[in-house]
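These notes concern the structure reproduced below.
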Amino acid sequence: MIVLVGFMGSGKSTVGRMLAAKLDLGFADSDEVIERDQQMTIVEMFEEYGEEFFRKVEAATIVRLLSGPDQVLALGGGSLGSEQVRKALRPHHVVFLDVPFKRAKFRIREDPARPMLKRDDLEELYNQRIPVYRQVADLVVPASGRPGGVVKNVMGALARHPNVTK
Ligand code: S3P
């Protein structure tokens, strides 16, 4: 499975969808699967049950998806906080879409669908998460540019990667 990780606004969903089409694979976005399963939006989940509840559902959903059929999978930006998730990622191709904080922030601006944007320590959160994305990633791909170019770079990096069939 090819798994895309990175901060909010790194382009995981857009790039993931395009990449899946090119590779003729399915695509899933953990946030979308969670919303469908729970029959509520992530914002509603945060408001009604809190972040901790969301994180539990998120980890369980991702672990389930990772043991399912091969596809391109985009993970929510905070999901690597779970050790269970980090562990479950080991047998997969993990691609970190790397964008500077300012670029990510500009892309997401005031998206009302992202409850984490309400936090005033967003840059700190970014700085804490970057080393974790790097640590779990097999490939790090700069992702500040247009999605088409990023997809090309991911494909190139995957082709050069020795264990691409794992
Ligand atoms: C979150 C990122 C979101 C979503 C939720 C929490 C985070 O996913 O899972 O709002 O903690 O960074 P994206 O990275 O797809 O925006």
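All values below were derived from every heavy atom in this structure, side-chain atoms included, with hydrogens, water molecules and symmetry-related copies excluded. Start at 1 and go down the list; that is how both ligands and their atoms are numbered.
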If the cut-off is 4.0 Å to any non-hydrogen atom of Glu58, which atoms of ligand 1 fall inside it? 9 (O)

Which atoms of ligand 1 are found less than 4.0 Å from any heavy atom of Gly76? 8 (O), 9 (O), 14 (O)

At under 4.0 Å between heavy atoms, which part of [X] makes contact with ligand 1: side chain, backbone, both or neither?
X	answer
Arg107	neither
Glu35	neither
Met8	both

Nearest non-hydrogen protein atom, [atom]:
atom	result
atom 12 (O) of ligand 1	Arg129 NH1, 2.6 Å
atom 11 (O) of ligand 1	Arg55 NH2, 2.6 Å
atom 14 (O) of ligand 1	Lys12 NZ, 2.5 Å
atom 9 (O) of ligand 1	Asp31 OD1, 2.6 Å
atom 6 (C) of ligand 1	Met116 CG, 3.7 Å
atom 10 (O) of ligand 1	Pro115 CD, 3.6 Å

On the 0 to 90° scale, with breaks at 30° and 60°, tag the Tyr126-Phe7 ring pair as parallel, tilted or perpendicular. perpendicular

From [atom1] ([X]) to [atom2] ([Y]), nearest 0.5 Å:
X	Y	atom1	atom2	answer
Ser67	Met1	OG	CE	7.5 Å
Leu4	Leu73	CG	CG	8.0 Å
Tyr133	Leu75	OH	CG	9.5 Å

Is the CZ atom of Arg146 crowded by more than 12 outside heavy atoms at less than 6.0 Å? no

Arg114 N/O under 3.5 Å from ligand 1 N/O: yes

Counting both backbone and side chain atoms, is some N or O of Gly77 under 3.5 Å from an N or O of ligand 1? yes

Identify whether the distance between the nearest side-chain nitrogen and carboxylate oxygen of [X] and [Y] falls below 4.0 Å.
X	Y	result
Glu52	Arg55	no
Asp31	Lys12	no
Lys118	Glu51	no

Given the rule that I, L, V, M, F, W and Y join up when any side-chain heavy atoms are under 4.5 Å apart, are Val99 and Met8 in one cluster? no

